[in-house]
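These values consider heavy atoms only, across backbone and side chains, with no hydrogens, waters or symmetry-generated copies. Each ligand, and each atom within it, is numbered from 1 in the order the structure gives.
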Amino acid sequence: MQIQSAEFKCSNTRTDKLPPPVLPEYAFIGRSNVGKSSLINMLTQRKGLAKTSQTPGKTQLINHFLINQNWYLVDLPGYGYAKTSRTNRGEWERFIRYYLKNRESLQCVFVLIDSRLEPQRVDLDFCFWLGEQGIPFVLVFTKADKQSRLKTAQNVEKFKKALLQYFEEIPQEFVTSSEEKLGREELLEFIGGINERFVSPI
Ligand code: GTP
Ligand code: MG
């Protein structure tokens, strides 16, 4: 898929203010600083489209980006961001979980996982929750440029193995680097395939 246009559409703190659910939508989620916003910029080839930062907690809202006038990429705040207060974190969780459970046009959740790390409890728990809710998701390993391919492959295998303790089937995975544009074609092709089959829920 070619990206002809990519534009920021809106930021929301409330799910009742989101754009009408008539276009296929893909949400990026994962721990703070895992590289969600960077990946959106890499896919769209628009450097400053989604705000990135070395400081975790940069993305605080649900941000919709309209791509090719016919589908949305959604940048979500990271989970596990320690600096937000406990109450804030609770609210964030409720809000995001509500969005993920109820958004009719959401086609797939991209769970971003830092490829440098051994499986992290918080990422596994989040995948289990998605599975329980029956929300379709795929695994996207980020920052693969930061270590050897072997190390990345080992961490991917460990993560999949941890998931297999609970799931019979594990979702598709993608290995990416926003620095090196790794995984771009694969992700766009995956999205394009779903877009073709999309039928508006309303
Ligand atoms: P929050 O919005 O805070 O939840 O973070 P985020 O997940 O959106 O992360 P963001 O894209 O802002 O990236 C965090 C940091 O990681 C930035 O300093 C990026 O430059 C860096 N980064 C992201 N992706 C990659 C990558 O593929 N390779 C390398 N080397 N650095 C990356
Ligand atoms: Mg971000």
Problem set entry | Ligand-residue contact atoms, ligand 1 with Ser38, heavy atoms, under 4.0 Å | 10 (P), 11 (O), 13 (O), 19 (C), 23 (C), 24 (N)

Exercise. Just distances here: any N/O of Ala144 and N/O of ligand 1 closer than 3.5 Å?
Worked result: no

For this session: Would you check the N or O atoms of Thr176, main chain and side chain alike, for any that come under 3.5 Å of an N or O of ligand 1?
Result: no

For this session: Number the atoms of ligand 1 from 1 as they appear, then name those within less than 4.0 Å of a heavy atom of Ser177, with their elements.
Result: 27 (O)

For this session: Heavy atoms only: give me the nearest Thr142-Val34 pair and the separation to one decimal.
Result: OG1-O, 2.8 Å

Exercise. Which atoms of ligand 1 are found less than 4.0 Å from any heavy atom of Gly78?
Worked result: 4 (O)

Problem set entry | Min side-chain heavy-atom separation Ile191-Trp71 under 4.5 Å | yes

Exercise. What atoms of ligand 1 come within less than 4.0 Å of a heavy atom belonging to Ser37?
Worked result: 8 (O), 11 (O)

For this session: Check each atom of ligand 1 against the heavy atoms of Lys36 and keep those under 4.0 Å away; list them by number with element.
Result: 1 (P), 4 (O), 5 (O), 6 (P), 7 (O), 8 (O), 9 (O), 11 (O)

Exercise. Is the backbone of Gln133 close enough, under 3.5 Å, to the side chain of Lys101 for a donor and an acceptor to pair up by distance?
Worked result: no

Exercise. Does the side chain of Phe141 reach to within under 4.5 Å of the side chain of Asn155, using non-hydrogen atoms?
Worked result: no

Problem set entry | Heteroatom proximity flag, Asp75 to ligand 1, N/O under 3.5 Å | no

Exercise. Hey, is ligand 1 close enough to Val34 that some N/O pair sits below 3.5 Å?
Worked result: yes

For this session: Taking the side chain as every heavy atom from C-beta outward, state whether Lys51 and Ser37 have any pair of such atoms under 4.5 Å apart.
Result: no

Exercise. For Met1 and Asn68, which heavy atoms make the closest approach, and how far apart are they?
Worked result: SD-ND2, 4.0 Å

Exercise. Any chance CZ of Arg149 has more than 12 other-residue heavy atoms, nucleotides or ligands included, within less than 6.0 Å?
Worked result: no

For this session: Would you indicate whether Phe167, at its atom CZ, is surrounded by more than 12 heavy atoms from other residues, nucleotides or ligands within a distance under 6.0 Å?
Result: yes

Exercise. Does Thr142 come within less than 4.0 Å of ligand 1, judged by its heavy atoms?
Worked result: no

For this session: Under 4.0 Å, heavy atoms only, figure out whether ligand 1 is touched by the backbone of Lys146, its side chain, both or neither.
Result: side chain

Exercise. How far apart are the closest heavy atoms of Leu163 and Phe128, and which atoms are they?
Worked result: CD2-CE2, 3.8 Å

Problem set entry | the Mg ion (ligand 2) reached by Ser37 (N, O or S, under 2.8 Å) | yes

Seminar exercise, completed: Here the atoms of ligand 1 under 4.0 Å from any heavy atom belonging to Asp145 are 26 (C), 27 (O), 28 (N), 29 (C), 30 (N)

Exercise. Do any N/O atoms on Thr52 end up under 3.5 angstrom from N/O atoms on ligand 1?
Worked result: no

